[in-house]
Protein chains: 2
Amino acid sequence: MSRSTGRRLGRAGIRDVAAAAGVSITTVSDALNGKGRLPDATRSHVREVADRLGYRPSAAARTLRTGKSGLIGLTVTTYGDEPFTFTEFAYFAEMARAATSAALARGYALVILPATSRHDVWSNVALDGTVVIDPADGDPVVTELVRHGIPVVSDGRPGGTLPVTGWVDNDHEAAVLGLLDHLADAGARRIGLLTGTTTDTYTRLSTTAYLRWCDRVGQDPVYESYPAHDPCAGAIAADRLLARPDRPDAVYGLFDPNGTDLLAAARRYGLRVPEDLLLVCCSESTGYATTEPPITTLSLKPRRIGTAVVQILIDAIEGLDNGRPIEQVIPTDLIVRTSSQRRSPRTTISPPRRPAGE
Amino acid sequence: MSRSTGRRLGRAGIRDVAAAAGVSITTVSDALNGKGRLPDATRSHVREVADRLGYRPSAAARTLRTGKSGLIGLTVTTYGDEPFTFTEFAYFAEMARAATSAALARGYALVILPATSRHDVWSNVALDGTVVIDPADGDPVVTELVRHGIPVVSDGRPGGTLPVTGWVDNDHEAAVLGLLDHLADAGARRIGLLTGTTTDTYTRLSTTAYLRWCDRVGQDPVYESYPAHDPCAGAIAADRLLARPDRPDAVYGLFDPNGTDLLAAARRYGLRVPEDLLLVCCSESTGYATTEPPITTLSLKPRRIGTAVVQILIDAIEGLDNGRPIEQVIPTDLIVRTSSQRRSPRTTISPPRRPAGE
DNA sequence: CTTGTTAAAAGGTACGTTTCTGCATGGTGA
DNA sequence: TCACCATGCAGAAACGTACCTTTTAACAAG
């Protein structure tokens, strides 16, 4: 048969290397992977021949054989056709960037996958593990993955009894409570909230924390909700909030664009920030350092989250997770700027300006 | 042998389905993939059994057999350890988002890969094709991929003789020339440029277009450069530009954060925008619609670019690219706002405000 | 009864690795 | 001299799928 001389028009296989080097396939594999017991002479000879032939091991074959693909899924929630919301934009981008770096540093690559899709791309790609951002309570994808023994680590503490391998999250309640205290310290008498209509964990926890705080200090809650995935609705909701008869003298906005939305609304109503209205929003955008006035933001530290999620996941994949905690709480960071400092802003010591975060 | 009853502790294979359904492996494969000639009864029976066993075809095995992985690489340039620059942030995020959507809609998934990496993750993942953002002139990765017959489509017209399958880009020269004309029409006498020190195509083309325009209208070039990957350097460069003795009365900033940087610098020097200083920057951020004043931006339409790149790539992968043009120029979009309209801004008709772009 | 035709399903090989097992060889201690 | 061991390497069995080739059964036409 022409089996041994069978010409693969495309790429050179391990067989071709073995033939060209005058050794067996086993020897080539061992030489290239640093396994087995081979004298350095053989090893380097094989390497040289492989190099000369431009040999690239087939990832598919290796994956099939070893069961490891070196691929990690990054699941994003979708709204309609688009992956991830505009409101989560900066957060997601930062988080994904950090996750990508962390994964690459350990030899893994990230595959972006939607929480749902018509073609099930899911079964078309061999995943060693998956990162899920803010999974829904009974998420079928997660359940399915775990059932197949694929590690799943979530960004956001999973609700219900979702059987994830681990999770990373901020302490959203504590963050909101601390932030409201900060506003109260700055002189706020009635603090309003700009929140979302969705039921995800972040929105829910933040809102209940707000309500609890109001209850504790004896303030009537003043809030407006809007569908956070609609980029226009935020500005309208901000307007609604400031148009109320019981207009708040301080507002916290849960989503990234709320800062500019609220600032624009305040301008329309002739309210000065921070004199008439204190402002804080949750955002990762550095742009808020240079608005007029600069706006105080709550950072969820997406880079630390992205890194932590990936580390936990890869540890689980490689079986290094013995006894290591698989739940991790990342502290938030309140970056205090002018918009939340009513008294003598110019004598206040502001925290050192970070270049790009972290 | 216990071969036929061999228990795979993990997942059910096609063999198990065949055995459970009382048919051959071939029949199972055909039934599940809609091939062969099978009566509907058999087909649905097999499907039902497969479902009951929770059968998932092995992506690795399928890839090995068919040579198609359904995976597309998305290569981002790296600066140090971090993928993509902060200045390209919004652009990249939008572009990646669109590319992800487009790929998923055609049954492909995106893998994020760095232009370089210590572990060569590259050969560890089976790619059907690759999208490369702004490749360097003699990019070894691209050359290698093409040599192995893997289609490569670049975002950004490749310099030199890089043998890509296709590319998508804006007409950067035309965009800059048009934008400078717009500023001149608004009354600018001396237009300055805030540009980068890097040698990528975008920076180079934009800068030369600026110089050409200056030459044409007989203006002395007034520009400052800074390393665009440094998030702090932009503000300093903006300051330098406005501190010059030959201070410009209009500035175009090549990078996303330049708008806020310039606005802040103008404020420091007591310059009113647009009365004393006209401002335009290249950005995809919607935040510039609500700054004070709103800033005119040049959008490179990253969503259209991301979509186009992926379509061209997948067409090439699937061999549908006969005669179809593989080079595509996407028009830019100048979103005119207050910062570049000196005369009677309130009677000027501004273009309809788009919700989120496109 | 033979031959041709077609639907339905089975058989078997190849995809390119990794890795377990095993075979030589040559040196060493008893 | 023999048993023993370490070394250096080869053979061959998987991994799970897709698809090409062949077989079987059934049935119609000659």
Side-chain angles (χ1 to χ4, degrees), chain A residues 1-19 21-46 50 53-70 123-126 128 148, chain B residues 1-4 6-46 49-50 53-70 123-126 148:
Chain A
M1 231 61 74
S2 72
R3 182 70 194 72
S4 60
T5 67
R7 289 280 38 87
R8 219 162 342 291
L9 302 88
R11 309 157 22 179
I14 197 175
R15 259 193 306 272
D16 305 298
V17 177
V23 296
S24 77
I25 293 181
T26 306
T27 304
V28 175
S29 178
D30 283 349
L32 263 34
N33 296 337
K35 305 197 171 177
R37 316 165 293 199
L38 300 179
D40 286 348
T42 311
R43 223 174 270 277
S44 57
H45 174 227
V46 169
L53 297 189
Y55 167 70
R56 293 276 149 208
S58 148
R62 169 176 296 166
T63 300
L64 178 57
R65 181 61 233 243
T66 63
K68 295 288 163 206
S69 66
S123 52
N124 263 332
V125 38
D128 287 350
H148 282 332
Chain B
M1 232 60 74
S2 71
R3 182 71 193 74
S4 62
R7 289 280 39 87
R8 220 162 340 290
L9 301 89
R11 308 156 27 176
I14 197 174
R15 257 193 307 272
D16 306 298
V17 177
V23 295
S24 76
I25 294 180
T26 307
T27 304
V28 174
S29 177
D30 284 349
L32 262 34
N33 296 337
K35 304 198 171 176
R37 321 167 286 200
L38 300 178
D40 286 349
T42 310
R43 221 175 270 278
S44 58
H45 174 229
V46 168
V49 171
L53 296 189
Y55 167 70
R56 292 279 150 206
S58 150
R62 170 176 294 166
T63 300
L64 178 57
R65 182 62 234 251
T66 62
K68 295 288 162 206
S69 67
S123 52
N124 262 333
V125 39
H148 281 334

Contact under 4.0 Å: B:Arg37 side-chain N or O vs C:dA7 OP1/OP2: yes
Value in whole Å for how far the C1' atom of C:dT19 lies from CG of A:Leu38: 13 Å
Heavy-atom pair of closest approach, residues B:Ala126 and B:Ser69: O-OG, 2.7 Å
Main-chain N/O of A:Ile25 paired to A:Ser29 side chain as donor or acceptor, under 3.5 Å: no
Exam field: side chain B:Thr63 to backbone B:Ala59, donor-acceptor pair closer than 3.5 Å: yes
Sugar-phosphate, base or nothing in reach of B:Asp30, heavy atoms under 4.0 Å: nothing
Closest approach of A:Gly70 to A:Asp128 (non-hydrogen atoms, all atoms of both residues): N-OD2, 2.7 Å
Reference residue A:Asp30; test side chain to side chain contact (heavy atoms under 4.5 Å, CB included); the match among A:Val28, A:Thr26, A:Thr27: A:Thr26
For atom CG of A:Asp16 and atom P of C:dC15, their distance in whole Å: 11 Å
Polar side-chain contact A:Thr26-C:dT19 base: donor and acceptor under 3.5 Å: yes
Strand contacts (DNA chain C) in residues 61-69 of chain B, 4.0 angstrom heavy-atom criterion: B:Leu64, B:Arg65
Length of the line joining B:Ile14:CD1 and C:dG12:P, which is rounded to integer Å: 17 Å
Among C:dC15, D:dC9, C:dA9, the nucleotide that comes nearest once only the side chain of A:Arg15 is considered: C:dC15
Under-4.0 Å side-chain N/O to phosphate OP1/OP2 contact, B:Thr27 with C:dA8: no
Taking every non-hydrogen atom, the tightest pair across A:Ile14 and A:Tyr55: N-CE1, 3.4 Å
Touch class at under 4.0 angstrom, heavy-atom based, for A:Arg43 against every strand present: nothing
Whole angstrom value for the distance that separates C1' of D:dA18 from CG of B:Leu32: 12 Å
B:Arg43 versus B:Gly36, closest heavy-atom pair with distance: NH2-O, 3.4 Å
Listed nucleotide nearest any side-chain atom of B:Val23, set D:dC9, C:dA10, D:dA10: C:dA10
Most 5' of A:Ile25 and B:Pro57 on DNA chain D, judged by nearest nucleotide: A:Ile25
A:Lys35 vs C:dT19: side-chain N/O to OP1/OP2 distance below 4.0 Å: yes
Listed nucleotide nearest any side-chain atom of A:Ser24, set C:dT19, D:dC9, D:dC15: D:dC9
Sugar-phosphate only, base, or nothing, as touched by A:Ser58 at under 4.0 Å among non-hydrogen atoms: sugar-phosphate
